[in-house]
Amino acid sequence: QVQFVESGGGLVQPGGSLRLSCAASGSIFRIRAMGWYRQAPGKQRELVATITSGGSTNYTDSVKGRFTISRDNAKITVYLQMNSLKPEDTAVYYCNAATKILQANWGQGTQVTVSS
């Protein structure tokens, strides 16, 4: 029922910043934990960051201190602020429920390219 549309990606130089947005088409009150995922060419999709309805966050080690996940429950939107971007952050970024049984179909994602 719930669908997600990612936006905000683009081409940035190393050290640059981007803010990704994930807009939900329906209520996410049932989804306790939302997540940002990414998939780089030739690699499996990985979970980058999660946030619970109460605001508790977790990050994969490679992005700790650089990325910040947040959510606005009233606007049913999830954000990912990405600072100090590195070439290895290049990937298609997706949002979805972090709880597998509540995941919607994967959308198109938004492309993030970090290159000089």
Side-chain angles (χ1 to χ4, degrees):
Q1 186 76 35
V2 176
Q3 300 293 315
F4 302 103
V5 179
E6 302 91 346
S7 63
L11 173 64
V12 297
Q13 295 184 32
S17 298
L18 286 172
R19 183 173 182 254
L20 307 184
S21 297
C22 171
S25 64
S27 175
I28 58 172
F29 79 94
R30 294 180 182 269
I31 305 176
R32 180 177 177 273
M34 287 290 300
W36 279 98
Y37 302 76
R38 68 185 180 188
Q39 187 167 24
K43 296 185 177 181
Q44 295 296 113
R45 184 185 298 113
E46 67 170 335
L47 181 60
V48 176
T50 62
I51 184 166
T52 68
S53 58
S56 179
T57 60
N58 278 291
Y59 302 90
T60 191
D61 287 343
S62 63
V63 308
K64 287 181 179 177
R66 301 188 297 118
F67 291 10
T68 302
I69 187 172
S70 62
R71 66 190 289 170
D72 185 331
N73 292 327
K75 296 181 179 180
I76 54 175
T77 305
V78 185
Y79 304 94
L80 185 68
Q81 178 66 48
M82 306 186 297
N83 299 325
S84 302
L85 283 162
K86 304 176 179 179
E88 52 262 44
D89 296 317
T90 296
V92 178
Y93 284 71
Y94 305 86
C95 65
N96 214 329
T99 304
K100 292 182 179 180
I101 61 173
L102 297 178
Q103 287 184 340
N105 291 332
W106 297 98
Q108 296 299 309
T110 185
Q111 176 72 51
V112 172
T113 302
V114 185
S115 177
S116 61

Are [Y] and [X] linked, directly or through intermediate hydrophobic residues, by side-chain heavy-atom contacts shorter than 4.5 Å (ILVMFWY only)?
X: Val63; Y: Tyr93; result: yes
X: Leu47; Y: Trp106; result: yes
X: Val92; Y: Val5; result: no
X: Val48; Y: Val112; result: yes

Within this structure, what is the [atom1]-[atom2] distance for the pair [X] and [Y], rounded to the nearest 0.5 Å?
X: Thr90; Y: Gln111; atom1: OG1; atom2: CD; answer: 7.5 Å
X: Cys95; Y: Ile51; atom1: SG; atom2: CD1; answer: 12.5 Å
X: Cys22; Y: Asp72; atom1: SG; atom2: CG; answer: 12.5 Å
X: Thr99; Y: Arg32; atom1: OG1; atom2: CZ; answer: 7.5 Å
X: Gln13; Y: Thr113; atom1: CD; atom2: OG1; answer: 13.0 Å
X: Arg38; Y: Leu80; atom1: CZ; atom2: CG; answer: 9.5 Å

Can you name the closest pair of heavy atoms from [X] and [Y] and give their distance?
X: Phe67; Y: Tyr59; value: O-CE2, 3.2 Å
X: Ser17; Y: Asn83; value: OG-OD1, 2.9 Å
X: Gly107; Y: Tyr94; value: O-CE2, 3.3 Å
X: Leu18; Y: Leu85; value: N-CD1, 3.9 Å
X: Pro14; Y: Ser116; value: CD-N, 3.7 Å
X: Ala97; Y: Phe4; value: N-CE1, 4.4 Å

Hey, are Lys64 and Asp61 close enough for a salt bridge, meaning a charged N less than 4.0 Å from a carboxylate O?
yes

Exceeds 12 heavy-atom contacts within 6.0 angstrom, atom CD of Gln81
yes

Got a donor-acceptor contact below 3.5 angstrom from the Asn96 side chain to the Gly35 backbone?
no

Ignoring hydrogens and angles, tell me if any N or O in the side chain of Thr110 forms a donor-acceptor pair with the backbone of Glu6 under 3.5 Å.
no

Working note: Trp36 + Met82, criterion side-chain contact (heavy atoms from CB on, under 4.5 Å); need CA distance, chi angles, decisive distance, verdict.
CA-CA 11 Å; Trp36 279 98; Met82 306 186 297; over 6 Å; no

Check step by step if side-chain contact (heavy atoms from CB on, under 4.5 Å) holds for Arg71 and Ser53.
CA-CA 8 Å; Arg71 66 190 289 170; Ser53 58; 4.3 Å; yes

